[in-house]
Amino acid sequence: MAKQLLLIDGNSIVFRAFFAMHNQIDKFTNKDGLHTVAIYGFKLMLDHVLDNFHPDAALVAFDAGKKTFRTKMYADYKGGRNKTPEELMEQLPYVHQLVRASGLHSYELKNYEADDIIGTLAKEADDAGYETLVVTGDRDLTQLASDHTTVAVTHKGVTDTEHYTPAHVEEKLGITPKQIIDMKALMGDTSDNYPGVTKVGEKTAIKLVKQFGSVENLYDHIDDLKKSKMKEHLIEDEDVARQCKTLATILRDAPLEISLKDLKYEGEQTEELIDFYQQMGFKSFLAKMNVAPEEGEDQVKPVTYTELTADNLGELDQLSGEVSFYLEMPEANYHLSPFAGFALGDGSHWFVSRDAELLKQAPLKKLLESTTIHKNVFNAKAHIVGLHRLGIELAAVDFDLLLASYLLNTNDNSNDLGQVALEHDYHDVRTDEEVYGKGAKRAIPDDDETFFTHLVQKVRAINDLKAPLFTKLNQNKQTPLYTDIELPLTRVLAKMEITGVHVDAQTLKNMGSKLKERLADIESGIYEEAGEEFNINSTKQLSHILFEKLKLPVIKKTKTGYSTAVDVLEKLADRAPIVEQILEYRQIAKLQSTYITGLLKVIHSSDQKIHTRYLQTLTQTGRLSSVDPNLQNIPVRLPEGRLIRQAFVPSHTGWQIFSSDYSQVELRVLAHITGDKNLQEDFRNGEDIHASTARRIFHLGPDAEIDRNMRRRAKAVNFGIVYGISDYGLAQRIHVTRAQAHEFIQNYFKEFPGVKKYIDDTIAFAREHGYVETITHRRRYLPDIHAKSFNRRSFAERTAMNTPIQGSAADIIKIAMIRMQRELDQRQLKAKMLLQIHDELVFEAPQDEIPVLKKLVPQVMDSAVKLDVPLKVDSKVGDTWYDLK
DNA sequence: TTAGTCACG
DNA sequence: ACGTACGTGACTAAG
């Protein structure tokens, strides 16, 4: 087998690591106050690469300084860059140390960039028959790809890379790796600060390179081009293009003092590496090597525990005041999961058992139901539901590790206690994946010692993390969010899940058999049109029929082939009758699979109800989500799908379904947080907001008629504003030209200047602080706000402005839910809250309580928070969820 | 396991 | 010039 060479672009990976993990910068400092995040990220990358690639030779190349032969020939090369942050500069010497301890060579050469070192060695390696892997954060290096050199460019974070081979370059750009140089010469490079030819961007550059092969050949045949602005620019900028080509070219013959034979990969230098990790405070890397964080300190705090049996429950008397508790339910669905065991304790004594039946016995049941003994748990909702199945009402929960951790950083939303603990730098517990395995191999260990140790470690982690997490919540001003909203909401959600919603299986079955007949009809029609039978559900087979056999025009491509999505098919509908049939087939098939068979599968046979689970610690915005099944996406928009709702019925005869929803809550939140006077005024006047927006942005008089089309467009603009608008996106959606869409947006900002200011301010806030907040201080970190990639940065900017809006709306309904449940309890109403669908609450109630709900629910919902504009709530009632009026 | 599609707010 | 609206979950095909 060919020898393998690993070449790493040191500077670019360190930069990537630093900015990719920038939001965690405070988490990574060693005891001397040195920032270590880039060093850590670099090592993550290194380990990841070495997992998959086993080099015989390895080198990390660094830039030697700012001055290079390129700056000598072009003074502005890489000019205008922000200066490297001090927090990053200080880490560079340690990266060199890490490289050495990891057994790799490092090298830098005065007057040359790391690229040139890599280019030169990759060439030497190619000639010597090596297989080379180049790892970099810089796309420019893809010009080095060859039959024996693959270039891995970091894609997201530091370990997720995209591998460029000549074939992959060809596929992505349609040119050879070498031609990337010509492309860059023409288009320039903003980050390296050289201009290229005026008005030529990537698209034009690729076109020209495909046509002429190279910059030189282009100028040899420049006369072949038709007269155009582009041609004028090309002629004008010929010197620039030729100079840029030199700048863009990575050297393959830099005067290195080293060569391949000096680069033997030595493998990890264990002693050195351990010393280094200890100096850096890298506990997780040390743990992986089975080394204690500090010499002399114990590796893992030992656990001692008592196994509980029916005979020694009396020992629990020593627990009082505060107890951490953990009930192991190995399956995600805690409505149905078996119980594998439990553990509890108070920080000094730990108890454990496999037998969940013991929980029903007095000492344990009393402890769990006690309102004076406070409980700390991981996932309170799962525990409330699980214990409810055992006839136990868990009371007095103070601390929910999962919930607190989610509020601190919505990205740390793992359901694995061990992983969550790790996020908070706690290493005395292993992850479930480590102990139980994953996938099909996942199982509770037979060995008591292994299993009990793990359970006790988990419950101890809950106990130990309580104080530090409460401190962090406090620092973030998130204590009220935790105490007054999320924790009480957990109980409300548990109650809704336990109550469940009654679904009539027979109704679904009847619909199912009708749909089945219709599907068979449509199917044969499609086969007839296609002239053959095929699997309509397979996009691959379907696109073969549409775009190859029937030769319909390709509108859009996906990563893997032709797109057959709705918007594409709609454009093709009048070209072939089969398209309409496919659209209908898709619609019916979706209903059949997801909503008929899907729902039938999850009706509990014991009570004919569906018990969803609301995920409270998942979304990045603070919304809930619903799984097993998802009851937040039951069809409503199309009349045929809407019929599904006929199966959702009250659980008692003589009861009805009652529903209230917020009207335009997100736009009202927008009016509130932007403080925009015009938008607020429109809401205070109780106007039809889309109509009044139309009046403003289309400059219509106060009495002018607003036709449906105008209102529709204004509505799209309103949505667009909330989502972070682009003229292109708006144009697509409402079928106008991009210029028109642009004008609409400009008019909007002129009419609603407060909104424009909010958008700018919010993005600035995110850049400065690395996160954005809702009205209740719910946080979302946005590391990509500093991303180099236009795409990723733009996405972060859109989410920066959308999250406070969507998230504050989520805050509002959460508060309403807590107060609503309180009202139902206090008034001892029989009515039950069943569902939350983001801006809507669904109840079931005896008929005689409906008038009460009609008054009470809107009252509670619109007074949940006090905004600068009124909240509006609409209510409906009916015999099924379908019949609401 | 991933991608494509489509259901919802 | 870039590439295109925010947040979700379930199903099917195919690697």
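Keep in mind that the numbers below use all heavy atoms, side chains included, and drop hydrogens, waters and symmetry copies.
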Check: Under the criteria of a ring-centre distance below 5.5 Å and an interplanar angle below 30°, is Phe790(A) stacked with the base of dC2(C)?
Finding: no
From NZ of Lys207(A) across to P of dC2(C) the rounded distance in Å is 12 Å
Ordered by number, residues from residues 580-594 of chain A within less than 4.0 Å of DNA chain B (heavy atoms) are Arg586(A), Lys590(A)
For this session: Classify the side-chain pair Glu497(A)/Tyr334(A) by whether it contains a donor and acceptor separated by less than 3.5 Å.
Result: yes
Rounded P spacing from dA5(C) to dT5(B) in Å
15 Å
Given the options Leu542(A), Asn535(A), Ile536(A), Ser538(A) meets side chain to side chain contact (heavy atoms under 4.5 Å, CB included) only with Asn535(A)
Review point. Between dA3(B) and dT4(C), how far is it from one P atom to the other, in whole Å?
Key: 16 Å
Is a side-chain donor or acceptor of Gln620(A) paired with a backbone partner of Thr410(A) at a separation under 3.5 angstrom?
yes
Taking a pair to mean Watson-Crick or G-U wobble geometry with both distances below 3.5 Å, dC2(C) pairs with none
Under a 4.0 Å heavy-atom cutoff, the residues of residues 620-633 of chain A touching DNA chain B are Arg623(A), Gln632(A), Asn633(A)
Checking dC6(C), dA5(C), dA14(C) against the side chain of Asn802(A) (C-beta onward), the nearest is dC6(C)
Per atom distances to the Leu618(A) side chain, the nearest of dG7(C), dT8(C), dA13(C) is dT8(C)
request  = Look at the aromatic rings of Tyr562(A) and Phe547(A) and report parallel, tilted or perpendicular, splitting at 30° and 60°.
outcome  = tilted
First and last nt of DNA chain B near chain A, cut-off under 4.0 Å to heavy atoms, 5' to 3', are dA3(B) to dG9(B)
